[in-house]
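Reading through the structure tokens given below for one structure.
For reference, positions follow the sequence shown, starting with 1. All heavy atoms count here, side chains included; hydrogens, waters and symmetry mates do not.
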Amino acid sequence: MSQGEVAAAGLRWNNNVSVAAIALISYEYLLLFGKEIEYVWKRPWSFMSCLYLVVRYFGLFLAIVCACWGGLLYMPESVSYDLIVLIEWGFSVYFCFAEIILIWRLYAISNQSKLVLQVLVGLFVPIVALSIGTDIFLYSRRDVFSVKEVITPDATYCTLSFHIGPMLAIYTSIPIMCFDILLVILAVVTLVKHFMEQRSIKMRPNTYMVMIVRYHIFYFALCLTNQILLVILWANIPMPAMSLAELFNGTAPFILAPRLIISIWDTHANDECVHVSTTFADCVCWTSPPNFEQYEMSPGVEHPESTFSIETEGVETA
């Protein structure tokens with residue numbers, strides 16, 4: 001293929017992926033908008049509802065800007081460079097908020113263990129510093145990362161240009177993945193301990209705790225895939241593969257994170273709970289057995305050894 005044909009093919013892939021990304025984000029937004037009004041705007045504000053709005057609307061902003069960047073809308077080279085730097089920095093900020101949600105959930109299901117919270121925050125702060133340093137080195141220096149304008153007979157668009165290999169991106173992604181692995185291990189260990197305690201008193205596991213741990217695993221799989229694709233983007237790969245990788249990175253994190261939060265609220269609202277009119281954070285159903293299970297216990301008998309005690313009431317986990 002000639003240089004002109006390659007440029008035209010790149011523009012066509014960019015436009016197709018951009019339209020698909022906008023369609024996916026718009027469809028997802030409309031699907032969740034009714035539940036968002038019911039569970040966020042009509043309920044008292046909480047720490048988790050604020051985090052939800054951040055990942056929801058900041059993610060929506062990043063997804064739209066990412067989809068419009070390139071060839072879908074013409075932008076001068078200088079504007080395109082500023083926007084792609086904003087996008088890359090925005091991805092890092094979004095990642096930090098998503099990790100805060102996971103840390104807060106894990107703190108809640110760990111019976112509000114101050115030790116767990118302090119350890120996770122202590123490990124997370126260097127991750128944030130590493131992310132900032134990586135963005136400064138990789139995405140804020142034109143000799144490493146730049147934008148070039150491609151002119152074709154039919155259109156003019158901008159594309160990325162990487163001047164170093166993917167090894168630095170690989171090295172900086174290792175601590176992030178190790179931290180996510182730690183979060184998954186702690187969540188699974190907490191769930192296994194809960195299973196054993198519930199079995200010892202002949203009761204079923206708490207549904208909401210199982211959901212939270214399951215979502216930890218889902219989000220870990222998402223982060224792993226996202227980090228792999230981000231590293232691949234620094235390599236010299238064919239245009240179709242790069243476009244599909246950009247489509248995943250520009251949609252999946254912004255779709256999954258808000259949905260995982262609101263799905264727990266939705267499950268609680270549709271559950272047969274006498275406290276369903278309260279917010280999920282203020283309800284005791286996620287910290288105690290369901291009503292049909294409570295009858296299996298002798299009246300007045302408590303199980304203080306359970307890690308999922310009512311002491312965690314009031315902590316937002318969804």
Side-chain angles (χ1 to χ4, degrees), residues 15-70 72-73 83 86-87 89-105 108 207-208 210-212 214-223 225-226 244 246-273 275-283 285-286 315-318:
N15 291 345
N16 291 339
V17 167
S18 297
V19 171
I22 293 176
L24 285 173
I25 291 296
S26 301
Y27 180 69
E28 175 67 14
Y29 179 80
L30 294 176
L31 281 181
L32 293 185
F33 185 66
K35 295 179 180 180
E36 177 185 317
I37 293 178
E38 181 179 356
Y39 303 137
V40 179
W41 298 109
K42 292 185 177 181
R43 299 292 181 95
W45 290 97
S46 67
F47 178 67
M48 188 56 63
S49 63
C50 293
L51 287 177
Y52 168 82
L53 292 177
V54 170
V55 297
R56 172 73 155 166
Y57 287 98
F58 185 57
L60 181 65
F61 166 76
L62 286 177
I64 297 300
V65 172
C66 188
C68 293
W69 189 91
L72 191 62
L73 297 176
L83 279 182
L86 173 64
I87 291 172
W89 276 85
F91 281 165
S92 297
V93 173
Y94 187 89
F95 158 78
C96 291
F97 279 106
E99 294 293 299
I100 290 173
I101 293 173
L102 296 183
I103 292 173
W104 191 253
R105 283 177 174 174
T207 302
Y208 298 103
V210 176
M211 288 181 61
I212 291 170
R214 184 188 303 140
Y215 292 159
H216 265 267
I217 297 174
F218 286 164
Y219 193 80
F220 167 74
L222 170 67
C223 289
T225 305
N226 189 63
L244 293 177
E246 291 175 347
L247 175 63
F248 181 89
N249 289 341
T251 55
F254 311 129
I255 291 176
L256 187 58
R259 178 168 285 276
L260 294 188
I261 297 175
I262 211 166
S263 60
I264 295 183
W265 293 338
D266 189 46
T267 301
H268 173 252
N270 292 283
D271 200 4
E272 295 180 0
C273 175
H275 308 287
V276 72
S277 60
T278 65
T279 61
F280 182 65
D282 299 324
C283 187
C285 68
W286 73 274
V315 177
E316 179 66 85
T317 64

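I87 and C66 get closest at one heavy-atom pair: CD1-CA, 3.7 Å. Here the closest heavy-atom approach between residue P253 and residue L222 is recorded as CA-CD2, 3.8 Å. The two residues Y94 and P258 have their closest heavy-atom pair at OH-CD, 3.8 Å. In plain terms, the two heavy atoms of A67 and S18 that are nearest each other are O-OG, 2.7 Å. Across all their heavy atoms, E28 and R259 have their closest contact at OE2-NE, 2.8 Å.
Dense packing is recorded around CZ of F58, with more than 12 heavy atoms of other residues, nucleotides or ligands lying under 6.0 Å away.
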So E99 and Y219, side-chain contact (heavy atoms from CB on, under 4.5 Å) or not? Walk me through it. CA-CA 10 Å; E99 294 293 299; Y219 193 80; 3.8 Å; yes
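Panel note: side chain S26, backbone A23; no donor-acceptor pair is recorded below 3.5 Å. No donor-acceptor pair under 3.5 Å is formed between the side chain of S49 and the backbone N or O of W45.
Looking at heavy atoms from C-beta onward, Y39 lies out of side-chain contact with I261 at the 4.5 angstrom threshold. Taking 4.5 Å as the limit, some side-chain heavy atom of Y27 sits within range of a side-chain heavy atom of L31.
Going from atom CG of L244 over to atom CG of N249 covers 11.0 Å, rounded to the nearest 0.5 Å. Once rounded to the nearest 0.5 Å, the distance linking CG of L86 with CG of L62 reads 7.0 Å. I101 CD1 to L51 CG: the interatomic distance, rounded to the nearest 0.5 Å, is 5.0 Å. For the atom pair I262 CD1 and R56 CZ, the distance stands at 6.5 Å (nearest 0.5 Å). I25 CD1 to I255 CD1: the interatomic distance, rounded to the nearest 0.5 Å, is 4.5 Å. Here the OH-CG distance, from Y29 to L60, works out to 7.0 Å after rounding to the nearest 0.5 Å.
The ring-ring contact (aromatic ring centres under 6.0 Å, His included) test with F254 is passed by exactly one of Y57, F91, F61, F95: F91.
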